[in-house]
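For reference, the structure discussed in these notes is given below.
Here, residue 1 is the first one in the sequence, and each next residue gets the next number. Values in this document were obtained by computation on a predicted structure and should not be read as measured data.
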Amino acid sequence: MADVEFHDEVNVSLEGDIDVPGIAKSDDELSTLDEPIRQTVMRDLRAVGNKFAHVLIPKQSKLLLKEWDLWGPLVLCTFMAIMLQGSTDELNMMGENDGGPQFAEVFVIYWVGASVVTLNSKLLGGNISFFQSICVLGYCVCPLAIALIACRVILAVSSASTLLFSIRCLCVLAGFGWSIFASTAFLGDSQPPGRKVLAMYPLCLFYFVISWLIISHTHSLFQY
């Protein structure tokens, strides 16, 4: 009789559900081993493109937070580092150095800046993870990347002048404002109500530094 009671007591169910936000729950959704590589690549590209669309047209969506990735920020960082890279060694020897940043410098400013902004957000009590914040900050550089393209086109079409410089300033200013607007649309709810201004300051400074790199780079890439 004692043995029966003992077995009844230890016969406890160990089954349960662990729900992870943003992760599919069915095996069919999780399994990608049997699908073609092309389908996997296209699905990832569509996901990255969808995130860019959410940045350019900010919506009340948690897509960038739930399904975060670093592919988009990496692509944007590489693109901007190439476009902003200073003149080559041959031009430097000829005294034509444009003073632009080097490839590694842009990488450091981009990733270290995003990390510092994220760390500040966490210290202020932000309720999102480190990589979620890096993802949002990285994707929201997209408007500034578009402004960079516009500036390169302007410089390629005509030589530098006060009017063209003013147009470039307006393009960069628009990209700067749109980046801040998009990032706050995704990160605004993650901060305590009384500390949102403290979280906004380093975020604005991060995008301002990138904007300054764009506007201060006075040579067109096509001149090299």
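Side-chain contact check for R168 versus L155: some heavy-atom pair is nearer than 4.5 Å. Residues M80 and M83 have side chains not in contact (no heavy-atom distance under 4.5 Å, counting atoms from C-beta outward). At a threshold of 4.5 Å between non-hydrogen side-chain atoms, the residues V48 and K51 do not count as touching.
Of all the heavy atoms in Y139 and G72, the pair that sits closest is OH-N, 3.4 Å. For the pair C135 and D69, the tightest heavy-atom approach, listed with the atom from each and the gap, is SG-O, 3.3 Å. Listed here is the closest heavy atom pair of S183 and I180: OG-O, 3.0 Å. Across all their heavy atoms, C151 and V172 have their closest contact at SG-CG2, 3.7 Å. Of all the heavy atoms in F208 and F176, the pair that sits closest is N-CE1, 3.4 Å. Nearest heavy-atom pair across N120 and L198 is ND2-O, 3.5 Å.
To the nearest 0.5 Å, atoms CD1 (I210) and CG (L205) are separated by 10.5 Å. With values rounded to the nearest 0.5 angstrom, C140 atom SG is found 11.0 Å from W178 atom CH2. Summarising the geometry, atom CZ belonging to F165 is positioned 11.5 Å from atom CD1 belonging to I154; distances are rounded to the nearest 0.5 Å. Note that the CG atom of L123 and the CG atom of L119 stand 4.5 Å from one another [nearest 0.5 Å]. The distance from atom OG of S211 to atom CG of L173, rounded to the nearest 0.5 Å, is 8.0 Å. One finds the CD1 atom of I214 at 5.0 Å from the CG atom of L148 (value rounded to the nearest 0.5 Å).
Shown here is W71, whose CH2 atom has no more than 12 heavy atoms of other residues, nucleotides or ligands within 6.0 Å. More than 12 heavy atoms of other shown residues, nucleotides or ligands fall within 6.0 angstrom of atom CZ in F130.
The main-chain N or O of G175 is found under 3.5 Å from a side-chain atom of S179 such that the two form a donor-acceptor pair. Counting only distance, with no hydrogens or angles, the side chain of Y207 and the backbone of L137 share a donor-acceptor pair below 3.5 Å. A donor-acceptor pair under 3.5 Å links the side-chain atoms of Y110 to the main chain of G138, judged by distance alone. Between the side chain of K122 and the backbone N or O of V117 there is no donor-acceptor pair closer than 3.5 Å.
In this structure, V55 is a member of the same hydrophobic cluster as L74, with clusters built from ILVMFWY side-chain heavy atoms closer than 4.5 Å. One hydrophobic cluster, built from ILVMFWY side chains closer than 4.5 Å, cannot hold both V116 and I128; they sit in different ones. One hydrophobic cluster, built from ILVMFWY side chains closer than 4.5 Å, cannot hold both L213 and V112; they sit in different ones. Under a hydrophobic-cluster definition in which Ile, Leu, Val, Met, Phe, Trp and Tyr are linked whenever side-chain heavy atoms come within less than 4.5 Å, directly or via other members, I146 and V75 are assigned to different clusters. Under the 4.5 Å side-chain contact rule for hydrophobic residues, I82 and L144 share a cluster.
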Audit row: W111, I134, side-chain contact (heavy atoms from CB on, under 4.5 Å) steps and yes/no: CA-CA 8 Å; W111 292 107; I134 292 291; 3.7 Å; yes

Evaluation steps, side-chain contact (heavy atoms from CB on, under 4.5 Å), between I149 and R152: CA-CA 5 Å; I149 296 175; R152 294 285 82 80; 5.8 Å; no

Steps toward side-chain contact (heavy atoms from CB on, under 4.5 Å) verdict (T78, F103): CA-CA 8 Å; T78 304; F103 189 91; 4.2 Å; yes

